[in-house]
Amino acid sequence: MLPLLKLVPTYKLHPVFRVSTLHRWVYQCFSASTNSLQMTSHNFDSNKKETDFNFLFNSCINVNVTKQLHALLVVLGKSQNVVLSTKLINLYVTFGDISLSRSTFNHIHKKNIFSWNSMIAAYVRSSKYHEAMNCVNEFLSVSDDLRPDFYTFPPILKACVNLIDGKKLHCWVLKMGFEHDVFVASSLINLYSRFGVLNAAHKVFVDMPVRDVGSWNAMISGFCQNGNAAEALGVLNSMKVEGVKMDTVTVSSILPVCAQSDDIVNGVLIHLHVLKHGLETDVFVSNALINMYSKFCRLEDAQKVFDHMEVRDLVSWNSIIAAYEQNDDPNTALRFFKGMQLVGIRPDLLTVVSLTSIFGQLSDQRISRSIHGFVMRGEWLEKDVVIGNALVNMYAKLGDMNCAHTVFEQLPSKDTISWNTLITGYAQNGLASEAIDAYNMMEECRDITPNQGTWVSIIPAYSHVGALQQGMKIHGRLIKNSLYLDVFVATCLIDMYGKCGRLEDAMSLFYEIPRETSVPWNAILASLGIHGRGEEALQLFKDMLAERVKADHITFVSLLSACSHSGLVDEGQKCFDIMQKEYGIKPSLKHYGCMVDLLGRAGYLEKAYDLLNNMPLQADASIWGALLAACRIHGNAELGTLASSRLLEVDSENVGYYVLLSNIYANSGKWDGVVKVRSLARDRGLRKTPGWSSVVVGSKVEVFYTGNQTHPKYTEIYKELRVLSAKMKSLGYVPDYSFVLQDVEEDEKEQILISHSERLAIAFGIISTPPRSPIRIFKNLRVCGDCHNATKYISRITERDIVVRDSNRFHHFKDGICSCDDYW
DNA sequence: ACTGGTCGCG
């Protein structure tokens, strides 16, 4: 007869009121004199049955009280008693002292199956899986008369660390006929789920003649942890059909699935179930609720759950801290961290991971360094890679890639995420070629396999420098394993094709991939925008709505900038309105920037200025910059002066603005203004962001910095530029010195214009590629106005199509004409 | 007397 359902007494923990009983007792035994100790032992009837000791065992609340009880049992001559010793083994491991469990176990002369089971389980409970397996082997070799029973298997199955052993154990279970025991079968389900063999797990599950809520939970969590949300919810549903009610475990494994599959309806329904059945007093449940609401960005709900908790553990605090940290509120997160310290809960590794992210967001250099020190002192770097990865990420967020790289180098072990973090750090700090170098080094490591995270960090780096060939190589590699269908990877590829001027390739990829979320739509809308195809962007937006894809704030940034690049003022205005009225999206600085740009470019300078003045947010440099650029196009020196003075208040470091202002003055003949701006720039000792341009020749990306004279082809490049310059002048080109800020003689100014990075890159492209082939240039800043003009002439003289992508948009030069004229 | 299934990081 198979043991199917058993009533199992679970180990109840120690009612506190009994503590005093034991203390009084132990006090009588030990704190008094030797005589009274003996007297007490005499008084205590040593023939008492084992169950008479229960109240003492129930009174043990920590390892010290347990030791006292242990000593008492020794005095009473009970140290050989297998029942009492087994209880001690379990108590010691409950309080985290596995070595005391072991020595207690060793002292038992006649070990029985109960004591072996407890010892094996004790190792598993303290995550010493290797020792647990050793103990099993010891058990099999030492005792001839004892056989494992169905209590032995669940812990062993849990300790199993590879699938091959798992399958052997499964055979063993079958041979001994334990496969229908609820606990053993649930453990098998759990084992197969851990190794991702869900069909095997599911087979064990369906073959079970009797299932308790634990078996359902094992199956559900198996699907959950392998990311099969639909199947998990399916099992949950049949559980409901069979009339089994969700318990705290079910709820805490299903809630993360709701978050993962963006299923807020089910999430809230489950929360209602929790409230109806009073499950919210369980810490696991409340913690899972906090995490779920955090993923849905519903911080009020997360906090409500947190506030109502009666008992909060480390995970609760970590969860609420991470909730605010993940939703860009580092200050509140920090307040909760302080609250946690106040109630005396010690931070663990994950707390520190959140803290690094918080300080990265707060961009506080000093505290960031102190947390680095804290990690080093605790030698936490050795404990887990995640903490090191978090530090690399923190320094990257602070823009300090030197420190990030140093920490990275010091990591005792590096995983794929370490590399991804480093690559992303370089890429997001505009150091694309360093990102590419890091990626190439990563490819050389044999034990590191790139994953989705790698692609989404390296592809943008390639598109940043216009390395179309390399990007396409990755695309080809991803087609082999279908990862290009991953929405995030595909979106990067779309963005890359867009930014590299291959709009058609971007479009065809877009139509190949799943489009249920706004993410790929936003990318393709932005691509259309920088190519000046505003009408098509608006049409695609209509398609997006027809396919019931929800537009978000990024959609509107893409859309507004598309309108702005194509001069679609009314349409842009309309988008701005429906964004607020129909979607309830509060415009951010980016949206206002697009609108100022849109109105300003089209010549509605006053309207743009009004909007800027009346917006509820503090204008930043990019918005004043947009207004200033518009003033330059339309030659409005007054407003331009005003904009630039405000601009220099918020960002006096960016030399580009001085150039713009000087250019405005020069165009309106205000030469004293030009002089003033130049001396201002000189006095501030401006170090400008190094401008660079890149050009792809063959499969190699060549990068040129302004004034770069170290390139191996330097002589030929400058020779070509001088030849071109003479031809350009004969066609009517006049250098525009207002783009030169330095106070030098005219011929030197011409030399400076000639050494602009975009000019060097174009010249290098001309001398390195066959005649009349097209040239693609990338520039990290905006193209200089004089270079823009010069490139028109160059395209005519050399009969080449020249495509220049700068930080703002595409410029397509063909036969002396550019696709856009408002180049600033 | 001993057994299974639950929450948090980049």
Side-chain angles (χ1 to χ4, degrees), chain A residues 3 6 8-11 50-51 53-54 57 81-90 112-122 124-125 148-158 178 181-191 193 211-222 224-225 246-256 259 282-292 294 313-323 325-326 348-357 360 384-394 396 415-418 420-421 424 453:
Chain A
K6 299 178 297 286
V8 180
T10 45
Y11 205 79
E50 285 129 8
T51 45
F53 287 88
N54 277 351
F57 279 98
N81 183 301
V82 65
V83 175
L84 297 176
S85 294
T86 304
K87 283 198 166 194
L88 282 173
I89 293 172
N90 286 308
N112 63 11
I113 183 68
F114 295 104
S115 49
W116 280 105
N117 284 346
S118 288
M119 196 58 235
I120 295 167
V124 177
R125 281 168 72 183
D149 64 2
F150 47 76
Y151 282 96
T152 322
F153 280 97
I156 300 179
L157 291 169
K158 195 179 181 187
F178 293 144
D181 177 84
V182 267
F183 286 150
V184 175
S186 302
S187 299
L188 278 171
I189 295 170
N190 186 250
L191 173 98
S193 305
R211 299 182 196 104
D212 69 354
V213 65
S215 336
W216 289 96
N217 289 340
M219 196 61 249
I220 290 171
S221 81
C224 292
Q225 285 173 356
M246 291 192 279
D247 71 351
T248 55
V249 179
T250 329
V251 168
S252 13
S253 35
I254 202 77
L255 283 178
D282 183 87
V283 222
F284 274 82
V285 168
S286 286
N287 292 348
L289 281 169
I290 294 172
N291 288 312
M292 179 191 74
S294 157
D313 67 357
L314 175 64
V315 179
S316 325
W317 287 98
N318 280 351
S319 302
I320 194 78
I321 292 170
E325 172 253 306
Q326 300 272 307
D348 75 339
L349 189 133
L350 292 160
T351 325
V352 178
V353 168
S354 284
L355 280 178
T356 57
S357 167
D384 201 325
V385 241
V386 292
I387 193 84
N389 295 349
L391 279 178
V392 174
N393 191 41
M394 177 185 78
D415 62 0
T416 302
I417 292 166
S418 320
N420 292 354
T421 313
T424 312

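Everything quoted here is computed from the prediction, not taken from an experiment. Below, chains carry the letters A, B, ... as their sequence lines are ordered, and counting in each starts from 1.
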So what does A:Val213 hit on the nucleic acid, given a heavy-atom distance under 4.0 Å: a base, only sugar-phosphate, or nothing? base
Considering only heavy atoms from C-beta outward, does the side chain of A:Phe284 approach that of A:Thr248 to under 4.5 Å? no
What contact category does A:Asn318 fall into here, base, sugar-phosphate, or nothing, at under 4.0 angstrom with non-hydrogen atoms? base
Nearest whole Å is fine: how far is B:dC7 C1' from A:Asp247 CG? 14 Å
Of the listed nucleotides B:dT3, B:dC7, B:dT6, the one nearest the side chain of A:Pro155: B:dT3
To the nearest angstrom, how far is A:Leu314 atom CG from B:dC9 atom C1'? 12 Å
N/O donor-acceptor pair, side chain A:Asp212 with base B:dG4, under 3.5 angstrom: yes
Is a donor from one side chain sitting under 3.5 angstrom from an acceptor on the other, for A:Ser418 and A:Asp415? yes
Distance check needed: B:dC7 P versus A:Ile321 CD1, whole Å only. 20 Å
What is the nucleic acid contact for A:Asp415, judged by heavy atoms within less than 4.0 Å: base, sugar-phosphate only, or nothing? base
Looking for any heavy atom pair under 4.0 Å, which part of the strands does A:Ser418 touch: base, sugar-phosphate only, or nothing? nothing
Rounding to 0.5 Å, atoms CG (A:Asn389) and OG1 (A:Thr421) come to a distance of 5.0 Å
Between A:Ser118 and A:Asn90: side-chain donor-acceptor atoms closer than 3.5 Å: yes
Taken to the nearest whole Å, CD/A:Gln225 to P/B:dG4 is 16 Å
Polar side-chain contact A:Asn420-B:dG10 base: donor and acceptor under 3.5 Å: no
Measuring from the side chain of A:Val386 (C-beta onward, heavy atoms only), which nucleotide among B:dT6, B:dT3, B:dC9 has the closest atom? B:dC9
Over all strands shown, is A:Asp313 touching base, sugar-phosphate only, or nothing at heavy-atom distances under 4.0 angstrom? nothing
Base, sugar-phosphate alone, or nothing: which one does A:Asn389 contact when heavy atoms must sit under 4.0 Å apart? base
In whole angstrom, what separates A:Asn291's CG from B:dT6's C1'? 12 Å
Check: A:Leu355 and A:Glu325 side chains under 4.5 Å, non-hydrogen atoms: no
Under 4.0 Å, counting only non-hydrogen atoms across every strand here, what does A:Thr421 touch: a base, just sugar-phosphate, or nothing? nothing
With distance as the sole criterion, do the side chain of A:Asn117 and the base of B:dA1 form a donor-acceptor contact below 3.5 Å? no
A:Met219 CE to B:dT6 C1', in whole Å, measures 15 Å
Return the value, rounded to whole Å, for the distance between atom CZ of A:Phe183 and atom C1' of B:dG4. 6 Å
Looking at every heavy atom in both A:Ile189 and A:Ser215, which two are closest together, and how far apart are they? CD1-O, 4.4 Å
Polar side-chain contact A:Ser186-B:dG4 base: donor and acceptor under 3.5 Å: yes
Round to a whole Å and report the spacing from CG of A:Leu88 to P of B:dC2. 12 Å
A:Phe284 ring over B:dT6 six-membered base ring, under 5.5 Å and 30°: yes
Check if the side chain of A:Ser253 and the base of B:dT6 share a donor-acceptor pair of N or O atoms closer than 3.5 Å. no
With a 4.0 Å cutoff (strictly under), does any side-chain N or O of A:Ser354 reach OP1 or OP2 of B:dC9? no
Under 5.5 Å between ring centres and under 30° between planes: true for A:Tyr151 and the base of B:dC2? yes
